[in-house]
There are 2 protein chains.
Amino acid sequence: MILSKTFGYAIRGILYIALVQKEERKVQIEEISEKLSVPRHFLGKILQELVRNGLLTSVKGPNGGFSLGENTLSKSLLDVYRTTDHIEQLTQCELRFNQCDKIHPCPLHDKVQQIREEFIALLSKTTINDLITGTKKLQLHNIATTGV
Amino acid sequence: MILSKTFGYAIRGILYIALVQKEERKVQIEEISEKLSVPRHFLGKILQELVRNGLLTSVKGPNGGFSLGENTLSKSLLDVYRTTDHIEQLTQCELRFNQCDKIHPCPLHDKVQQIREEFIALLSKTTINDLITGTKKLQLHNIATTGV
DNA sequence: ATAATAAAAGACATCAATGTCTTTTATTAT
DNA sequence: ATAATAAAAGACATTGATGTCTTTTATTAT
Ligand code: FES
Ligand code: FES
């Protein structure tokens, strides 16, 4: 896998909220972690970070919970990646040398650079909404289990 | 970075041996780790694995050391990857679901599958020799430091 | 105001990747 | 045979990613 577990949890969490929010309600971390089979407190911290970065909204107390923000659906996978991973690593040398460019290429640079750029472009142009509409009728089972 | 630190050490180690082996001699782990600024014993274990997988040759005792095997130069990056990483992960779901194919796609599958295939193809078709001849006149400084 | 609720925050645990140190084994030169 | 050399192997340490548990803070209903 190229993507971190944390990133996956974040995407699935956001999608779950998007799926049930049609019913116009807040969603509690308890429900999300149970339905998605994701560690509750770990997911909690991830969603907290998403809130800090404006990707989600949260309210404490009774009837509180998480919900999508105004423009969550138009956020990109790169925006999510920025909150769950170290964005710099996307552009750093695969051999971890200080510079990574055509001028100072490591033996792998010319081989991997194009693919890495395609990957970054993908994260950048794909939105949460793309994930929802892209999968023909996204449903709970598409994000729920670690199985079939 | 997509590739592990271990993979990078392996590649650099092999390339170092290839560069100095013109002089027809064995290379000691001590020299490699020093010239490449790589942890000696960690690199040792990595090279051991490469030997087990037929990517390198090693001899104990005085005048011993590591050297390229008959066909090391024609080995692919995927062969190296196989000894340093978990090859299955290359084809597993980015959200870590049990299946990963067009029939059971997770929300990310259609987005990332093509790029992942390109990446695997790259590892598969690129050989050690490609790295040597691909970089215009590969030299020590191309693999030696973690910097410029 | 008080109690209940739910997120936020903090301390700590576990695991895999990475790194260090010591002992063992094989080979060679004497 | 013995000593020196160098890889192999094994035990242990560190770090970052991941996961668990407890306490705190904010909000709401009563
Ligand atoms: S210099 Fe190594 S990947 Fe760019
Ligand atoms: S099913 Fe998730 S990447 Fe293929």
Side-chain angles (χ1 to χ4, degrees), chain A residues 1-13 17 25-34 36-53 55-69 81 83-89 92 94-96 146, chain B residues 1-13 17 25-34 36-53 55-69 81 83-89 92 94-96 146:
Chain A
M1 293 79 80
I2 297 175
L3 298 165
S4 71
K5 218 162 174 178
T6 302
F7 177 86
Y9 288 165
I11 291 291
R12 292 167 65 200
I17 296 171
R25 67 185 178 89
K26 302 253 181 324
V27 193
Q28 283 80 51
I29 186 73
E30 181 72 33
E31 173 182 337
I32 306 176
S33 74
E34 277 179 7
L36 302 187
S37 302
V38 166
R40 170 176 174 160
H41 296 289
F42 187 38
L43 179 62
K45 288 173 200 296
I46 296 170
L47 297 192
Q48 278 171 39
E49 273 300 315
L50 290 171
V51 168
R52 281 195 200 93
N53 288 36
L55 288 168
L56 284 179
T57 292
S58 70
V59 174
K60 288 182 177 181
N63 306 319
F66 293 90
S67 53
L68 299 190
Y81 190 94
T83 91
T84 60
D85 294 75
H86 306 286
I87 188 79
E88 330 83 51
Q89 293 193 349
Q92 281 171 3
E94 292 295 330
L95 295 184
R96 291 145 210 249
T146 305
Chain B
M1 292 80 80
I2 297 174
L3 298 165
S4 71
K5 218 162 173 176
T6 302
F7 177 86
Y9 288 165
I11 290 292
R12 291 168 64 200
I17 296 171
R25 67 185 179 90
K26 302 250 181 328
V27 193
Q28 284 80 50
I29 185 73
E30 181 71 33
E31 172 182 338
I32 307 175
S33 75
E34 278 180 6
L36 302 186
S37 301
V38 166
R40 169 176 175 162
H41 297 290
F42 187 36
L43 179 62
K45 287 171 201 297
I46 295 169
L47 297 192
Q48 278 173 37
E49 274 300 316
L50 290 171
V51 168
R52 281 195 201 94
N53 288 37
L55 288 168
L56 284 179
T57 292
S58 69
V59 174
K60 287 182 177 180
N63 306 320
F66 294 90
S67 52
L68 298 192
Y81 190 94
T83 91
T84 60
D85 294 77
H86 306 286
I87 189 80
E88 330 83 53
Q89 292 194 349
Q92 280 172 4
E94 291 295 329
L95 295 184
R96 291 144 209 249
T146 305

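So you know, we letter chains A, B, ... as the sequences are listed, proteins then strands, and number each from 1. Side chains are part of it too, since the values below use all heavy atoms of this structure and drop only hydrogens, waters and symmetry mates.
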Inset, instruction - Select from A:Gly61 and B:Val51 the residue whose nearest nucleotide in DNA chain D is closer to the 5' end of that strand. - result: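 With A:Gly61 and B:Val51 compared, the 5'-side residue is B:Val51.
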Inset, instruction - Take B:Asn63 and A:His41, find for each the nucleotide of DNA chain D with the closest heavy atom, and name the residue whose nucleotide sits nearer the 5' end. - result: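 Looking at the nearest nucleotide for each, B:Asn63 comes out on the 5' side.
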Supply the atom-to-atom distance [X] [atom1] to [Y] [atom2], rounded to the nearest 0.5 angstrom.
| X | Y | atom1 | atom2 | result |
| --- | --- | --- | --- | --- |
| B:Leu47 | B:Ser33 | CG | OG | 9.5 Å |
| A:Ser4 | A:Asp85 | OG | CG | 3.5 Å |
| A:Gln89 | A:Glu94 | CD | CD | 10.0 Å |
| A:Thr6 | A:Phe42 | OG1 | CZ | 3.5 Å |
| B:Gln28 | B:Ile17 | CD | CD1 | 10.5 Å |

Does [X] reach a base, just sugar-phosphate, or nothing at all? Heavy atoms under 4.0 Å.
| X | result |
| --- | --- |
| B:Phe7 | nothing |
| A:Lys26 | nothing |
| B:Gln28 | sugar-phosphate |
| A:Val27 | sugar-phosphate |

Inset, instruction - Could you pull out all residues at least two apart from B:Asn53 that satisfy side-chain contact (heavy atoms from CB on, under 4.5 Å)? - result: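 Applying side-chain contact (heavy atoms from CB on, under 4.5 Å) to B:Asn53 gives B:Glu49, B:Thr83.
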Inset, instruction - Please identify each residue that fulfils side-chain contact (heavy atoms from CB on, under 4.5 Å) with A:Pro62, with sequence neighbours left out. - result: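 Residues passing side-chain contact (heavy atoms from CB on, under 4.5 Å) with A:Pro62: none at all.
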When the distance from [atom1] of [X] to [atom2] of [N] is rounded to whole Å, what number comes out?
| X | N | atom1 | atom2 | value |
| --- | --- | --- | --- | --- |
| B:Gln48 | C:dG19 | CD | P | 16 Å |
| A:Phe42 | C:dC15 | CZ | C1' | 12 Å |
| B:Glu49 | C:dG19 | CD | P | 17 Å |
| B:Leu43 | C:dA17 | CG | P | 18 Å |

Inset, instruction - Treating a pair as Watson-Crick (purine N1 to pyrimidine N3 plus N6-O4 or O6-N4) or G-U wobble (N1-O2 and O6-N3) with both distances under 3.5 Å, list the stems of 3 or more consecutive pairs that involve DNA chain D. - result: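 Listed by first number, the stems are C:1-30 with D:1-30.
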Legend entry - side chain to side chain donor-acceptor pair (under 3.5 Å) partners of A:Glu31, counting only residues at least two apart: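 Counting only residues at least two positions away or on another chain, A:Glu31 forms a side chain to side chain donor-acceptor pair (under 3.5 Å) with A:Tyr16, A:Arg25.
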Legend entry - Residue whose nearest DNA chain C nucleotide is more 5′ - B:His86 or B:Val59: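 Final value for this comparison: B:His86.
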Legend entry - First of B:Lys60 and B:Asp85 reached from the 5' end of DNA chain C, by closest nucleotide: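 Whichever sits nearer the 5' end wins; that is B:Asp85.
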Inset, instruction - Please list, chain by chain and in numerical order, all residues satisfying ring-ring contact (aromatic ring centres under 6.0 Å, His included) with A:Phe66, sequence neighbours excluded. - result: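 ring-ring contact (aromatic ring centres under 6.0 Å, His included) check on A:Phe66 returns nothing, list empty.
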Legend entry - Segment of DNA chain D, first to last nucleotide, that comes within the 4.0 Å heavy-atom reach of chain A: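 The contacted stretch runs from D:dA17 to D:dA29.
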